[in-house]
2 protein chains.
Amino acid sequence: MESAEHDVKMRLLVAAKKLFSRQGFDGTTVRQICEEAGANVALVSYYFGGKDNMYRALFDMSFPESLLLEGEEAKQDPVKAIKLLIRKVIAYQANDPELVRLIQQESAQLTPRVAIVQKYLVPVWQMARDILEEGRHQGVFHFRSLDNTFLYVWGGILFPRDFGFFNPVIREPLPSTEEKIADVTRFVLGALGYNGDPEPETP
Amino acid sequence: MESAEHDVKMRLLVAAKKLFSRQGFDGTTVRQICEEAGANVALVSYYFGGKDNMYRALFDMSFPESLLLEGEEAKQDPVKAIKLLIRKVIAYQANDPELVRLIQQESAQLTPRVAIVQKYLVPVWQMARDILEEGRHQGVFHFRSLDNTFLYVWGGILFPRDFGFFNPVIREPLPSTEEKIADVTRFVLGALGYNGDPEPETP
DNA sequence: GTCTATATATCGATAGAC
DNA sequence: GTCTATCGATATATAGAC
């Protein structure tokens with residue numbers, strides 16, 4: 001049955017994403033993944049050809065490539081474009097926080113998996129840089145270094161928020177996605193020296 | 001000889017920090033650490049009582065606790081205080097990027113080591129929050145949520161810059177520490193809606 | 001397609017010689 | 001204090017039965 005195969009494959013990927021995001025790739029065993037998925041230990045090799053290939057399959061399944069890169073034509077209006085990018089990234093983060101953790105884990109290491117993550121992220125990074133550069137060209141954004149500004153803006157959008165690490169000092173109830181979008185939009189536009197309306201792009 | 005013991009112990013810690021920061025804790029073996037340190041495999045257990053305890057000893061050795069928490073009295077001038085904190089964190093980052101990577105790795109996972117990292121970071125986080133709150137109270141910083149603002153500011157200060165992950169899109173030569181301090185200071189003060197002089201705190 | 005059983009390697013840790 | 005040798009546990013991966 002094809003749907004049964006699909007089920008097990010998908011269950012394995014979902015289990016792997018969950019465990020990798022919590023324990024890291026090296027901190028997670030194939031046995032744990034199979035147990036979490038309710039599948040036999042041999043099926044990771046059978047379906048994916050090993051633990052490493054499973055990680056690649058996980059990104060192929062999860063990464064919201066088309067969502068992030070669509071509407072690139074809006075780049076002519078850099079303020080609108082950066083607001084839209086912030087909205088899309090923050091909203092996706094709320095729906096799939098595990099993938100964001102995987103990205104952050106690899107961003108702090110030099111593993112053989114970095115290239116897999118970069119393959120998906122480079123086009124998005126490039127789009128963000130283009131928006132910033134166009135904004136500077138139009139005189140609405142003000143900054144010295146494009147590299148440094150890109151790193152700061154991207155870090156601000158992506159930095160962990162609900163991951164438990166900061167729980168000891170966090171006091172307020174978790175903000176809604178719309179509140180997060182509004183706050184980050186104001187932060188980023190403020191950091192970019194934008195003098196206009198810092199209201200977030202409407203959904 | 002006490003200096004000899006100190007040498008080996010220190011060499012092991014330096015090797016562990018190097019390898020953990022590149023490969024992660026779980027991705028690094030005791031054997032690799034000892035080889036890197038030019039020491040025998042048995043000495044990790046002998047000196048530290050195992051790999052886990054070694055991680056704790058590493059933070060005890062490395063974390064710049066007093067550097068970050070000194071001069072807390074300057075909190076009365078929140079602009080000056082946040083500028084000083086930015087300077088200290090960025091400068092320390094430039095001197096010891098490996099420790100920052102360790103922190104980022106754990107911030108993206110839920111490992112038994114998180115508590116060790118938090119023990120050292122919570123006082124610094126609390127200081128940063130106090131500065132932001134005092135700034136809002138004095139009317140020089142403008143933001144809605146203290147939690148969200150703290151996370152954004154801290155993320156902006158700490159986000160990786162020279163870690164290789166972003167190399168595919170980075171074009172400019174690496175900025176000097178003073179340039180990084182100046183840029184991040186402007187970003188953060190801009191994000192906080194500060195209307196005064198965004199010049200960084202002088203060294 | 002899914003299972004058990006196992007091959008093979010490597011892990012962290014330590015006993016005991018020196 | 002440092003070494004070799006090795007223990008026991010556990011890792012990934014796969015051969016072969018069903």
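Below, chain A is the first sequence line, B the second, and so on; all start at residue 1.
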(message) Looking at D147(A) and R171(B), is there a salt bridge between them, counting it only when a charged N and a carboxylate O are closer than 4.0 Å?
(response) no

(request) Round to a whole Å and report the spacing from CG of L12(B) to C1' of dC3(D). (result) 14 Å

(message) For F166(B) and F159(B), take the angle between the two ring planes, folded into 0 to 90°, and tell me which bin it lands in: parallel under 30, tilted 30 to 60, perpendicular over 60.
(response) tilted

(message) At a heavy-atom distance below 4.0 Å, what parts of residues 13-31 of chain B sit against DNA chain D?
(response) R31(B)

(message) Between C1' on dA11(D) and CD on Q32(A), what's the gap in Å once rounded to a whole number?
(response) 11 Å

(request) Using the closest heavy atom to pick a nucleotide of DNA chain D for each, name whichever of A42(A) or G38(B) lands nearer the 5' end. (result) G38(B)

(message) Whole angstroms only, please: what is the CD-P distance between E35(B) and dC3(D)?
(response) 13 Å

(request) From the options dC3(D), dG12(C), dT14(D), select the nucleotide whose nearest atom is closest to the side chain of S45(A). (result) dT14(D)

(request) Grab the CG-P distance between L43(B) and dG16(C) for me, whole Å please. (result) 18 Å

(message) Looking at dT2(D), I'd like to know if its phosphate oxygens (OP1 or OP2) sit under 4.0 Å from a side-chain N or O belonging to Y47(B).
(response) yes

(message) As a test of reading the structure: which of dT2(C), dA5(D), dT2(D) is closest to the side chain of V8(B), going by heavy atoms?
(response) dT2(D)

(message) Is there a side-chain contact between N40(B) and the phosphate of dT4(D), meaning an N or O under 4.0 Å from OP1 or OP2?
(response) yes

(message) Whole angstroms only, please: what is the NZ-P distance between K51(A) and dT10(D)?
(response) 16 Å

(message) Test side chain to side chain contact (heavy atoms under 4.5 Å, CB included) on L19(B) and E36(B); report intermediate values, then the result.
(response) CA-CA 9 Å; L19(B) 294 176; E36(B) 172 78 24; 4.0 Å; yes

(request) Answer yes or no on whether R136(A) is positioned over the face of F141(A), meaning its NZ or CZ is under 6.0 Å from the six-membered ring centre and within 45° of the axis. (result) no

(message) Is there a side-chain contact between L102(A) and L58(A) in this structure, where contact means two heavy atoms from C-beta onward sitting under 4.5 Å apart?
(response) yes

(request) Send over the distance from F48(A) CZ to dA13(D) C1', rounded to a whole Å. (result) 15 Å

(request) Check the distance between dT2(C)'s C1' and R11(A)'s CZ and give it to me in whole angstrom. (result) 12 Å

(request) Figure out the NZ/P separation between K9(B) and dG1(D), and round it to whole Å. (result) 10 Å

(request) Choose from dT4(D), dT2(C), dT4(C) the nucleotide whose nearest atom is closest to any side-chain atom of Y46(A). (result) dT2(C)

(message) Check whether F59(B) forms a cation-pi arrangement with K17(B) (NZ or CZ under 6.0 Å from the six-membered ring centre, at most 45° off the ring normal).
(response) no

(message) Test side chain to side chain contact (heavy atoms under 4.5 Å, CB included) on K18(A) and R22(A); report intermediate values, then the result.
(response) CA-CA 6 Å; K18(A) 173 178 174 181; R22(A) 282 162 178 70; 3.3 Å; yes

